[in-house]
Amino acid sequence: MAKAKGPNEVEAVLIYDDDDERMLAEIKQIMAAYVPVVSDARTPPEEVQFISSDSNSYFEKMSEQLPKNALDIVKLIKAYRLLKSNATGSSLSPQAEVDVADDSRADVSVGQQQESEIKASEGQGERSFFPATLVIKRISSYFLLKDYSAPSAAQFVLLLIPKRSREHLIGDLEEEYRSVVLPQYGRFWAGVWYWGQTLWAIGPYLWVGLKRVFGWAAIIKLIGG
Amino acid sequence: MDYLGEFEQIVMLAILRLGETAYGMTIRKEILEVASRPASLGAVYTTLERLEDKGFLTSAIGEVTEERAGRAKKYFRVTGLGQAALKQALKSTEAMKDGLAWEGA
């Protein structure tokens, strides 16, 4: 199975429940223009982070949480379904350009003829026969900063670190968390790791602080204060 | 002249090994991989600050990346004074080690 290469990529798995191999091949071809389609299966893999269905309301509900190119895929699938709902049998080109405006209901720009077909079918209402479910598996936190940023309470604790190194230390921790730990271990264990590192990191600073405080106390005691 | 502690020596050696890419995360990783010694970022940074105060290191603010949530890297380099102190410390350790008969060695 091919793995997504970079931290900015989204890995997609196509889940299908239909035997229309031609249609699936076309969908995969379309998706491949946007994301690495790593596999197809009849049941979602266990590690899947997000599952979209072909329900419009579900798309719209989840669209805010989706990375941008995943949203593009959702649009592609919707357009594909509209095209397929026409009797013309035309298919969507893999080179189709997606309108990436931040609007989940935006249409896919696929050339004038196909666009008019989409509009025509919109008038008829969408038929829900799309056989496949798209599964987006999160590879990195890059796109989903809201959901996969480091634990905020731990970041608050890190404010105990003196200003001189605070920004750089938190940046190092954040970099390792996002680029190494999170993709490898998932959100829960990455959160546990981050907390552990946080407590471990502030230890030496607390020790230095304590030494300063008790050092002064000892001096005051010595001079009889 | 300030003397170098054992962990200070390890941190300085890691910086020398890393060259241009020595910042907190890579220094910690180098220490773990080469010296097989886990160290917290806090321990690394307190040591780096101490060495910088002694004049053994200089630092420069590096690039900001999105992976770091917009926080800049801080790159470190060993100064001439730092290299001299490190050489002296390693030489002293070697001298103390010479002639020792290690049990079970």
Side-chain angles (χ1 to χ4, degrees), chain A residues 6-9 67-68 139-152 154-155 157-183 190 193-212, chain B residues 2 4-12 14-15 18 20-33 35-77:
Chain A
N8 300 352
E9 291 180 26
K68 203 171 188 181
I139 294 301
S140 91
S141 61
Y142 185 80
F143 287 104
L144 301 170
L145 297 181
K146 190 180 171 188
D147 288 337
Y148 299 105
S149 54
S152 51
Q155 288 185 323
V157 171
L158 285 167
L159 293 175
L160 287 170
I161 290 168
K163 201 177 174 185
R164 179 180 176 182
S165 295
R166 189 191 301 150
E167 183 192 336
H168 313 295
L169 191 151
I170 297 174
D172 287 346
L173 210 51
E174 193 84 20
E175 185 181 343
E176 197 167 349
Y177 172 82
R178 290 191 189 186
S179 61
V180 181
V181 185
L182 191 61
W193 175 89
Y194 196 93
W195 264 110
Q197 291 297 319
T198 298
L199 298 174
W200 200 21
I202 61 166
Y205 284 100
L206 288 177
W207 177 241
V208 169
L210 285 173
K211 275 201 291 188
R212 274 189 196 147
Chain B
D2 283 311
L4 288 171
E6 188 243 359
F7 191 64
E8 288 176 334
Q9 290 176 36
I10 288 177
V11 168
M12 287 180 75
I15 294 168
L18 288 163
E20 300 289 312
T21 59
Y23 66 98
M25 187 182 134
T26 54
I27 294 168
R28 187 167 87 112
K29 203 174 160 199
E30 188 76 1
I31 293 170
L32 180 65
E33 286 174 1
S36 305
R37 180 165 169 169
S40 74
L41 270 175
V44 170
Y45 269 96
T46 47
T47 306
L48 290 169
E49 286 168 14
R50 202 164 52 241
L51 290 168
E52 202 176 7
D53 291 342
K54 288 177 182 177
F56 294 162
L57 298 179
T58 55
S59 63
I61 304 299
E63 72 274 18
V64 172
T65 62
E66 289 198 54
E67 267 184 343
R68 298 172 62 85
R71 295 180 177 93
K73 289 177 184 172
K74 193 177 188 183
Y75 290 103
F76 291 90
R77 295 187 79 165

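Numbered from 1 within each chain, the chains take letters A, B, ... in sequence-line order.
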Residue A/L173 versus chain B: region with a heavy atom under 4.5 Å: both
Looking at every non-hydrogen atom in both residues, tell me the closest pair between B/S40 and A/P204 and how far apart they are. OG-CG, 3.8 Å
With rounding to the nearest 0.5 angstrom, report the CD to CE distance, A/E174 to B/M25. 12.0 Å
Pairs of heavy atoms under 4.5 Å with chain B: top-ranked of A/I161, A/I170, A/L169: A/L169
Minimum heavy-atom distance between A/R164 and B/K74, given as atom pair plus value: O-NZ, 4.1 Å
Neighbour count >12 (heavy atoms, 6.0 Å) for atom CZ, B/R50: yes
For B/I61, is it the side chain, the backbone, both or neither that has a heavy atom under 4.5 Å from a heavy atom of chain A? side chain
Non-hydrogen side-chain atoms of B/Y45 and A/H168 separated by less than 4.5 Å: yes
Test applied, salt bridge (Lys or Arg N to Asp or Glu O under 4.0 Å); reference residue, A/E176; option that passes from B/R68, B/R28, B/K29: B/R28
Closest non-hydrogen atoms of B/R71 and A/E167, given as atom of the first, atom of the second and distance, are CD-O, 3.4 Å
Contacting region of A/I202 [heavy-atom separation from chain B under 4.5 Å]: neither
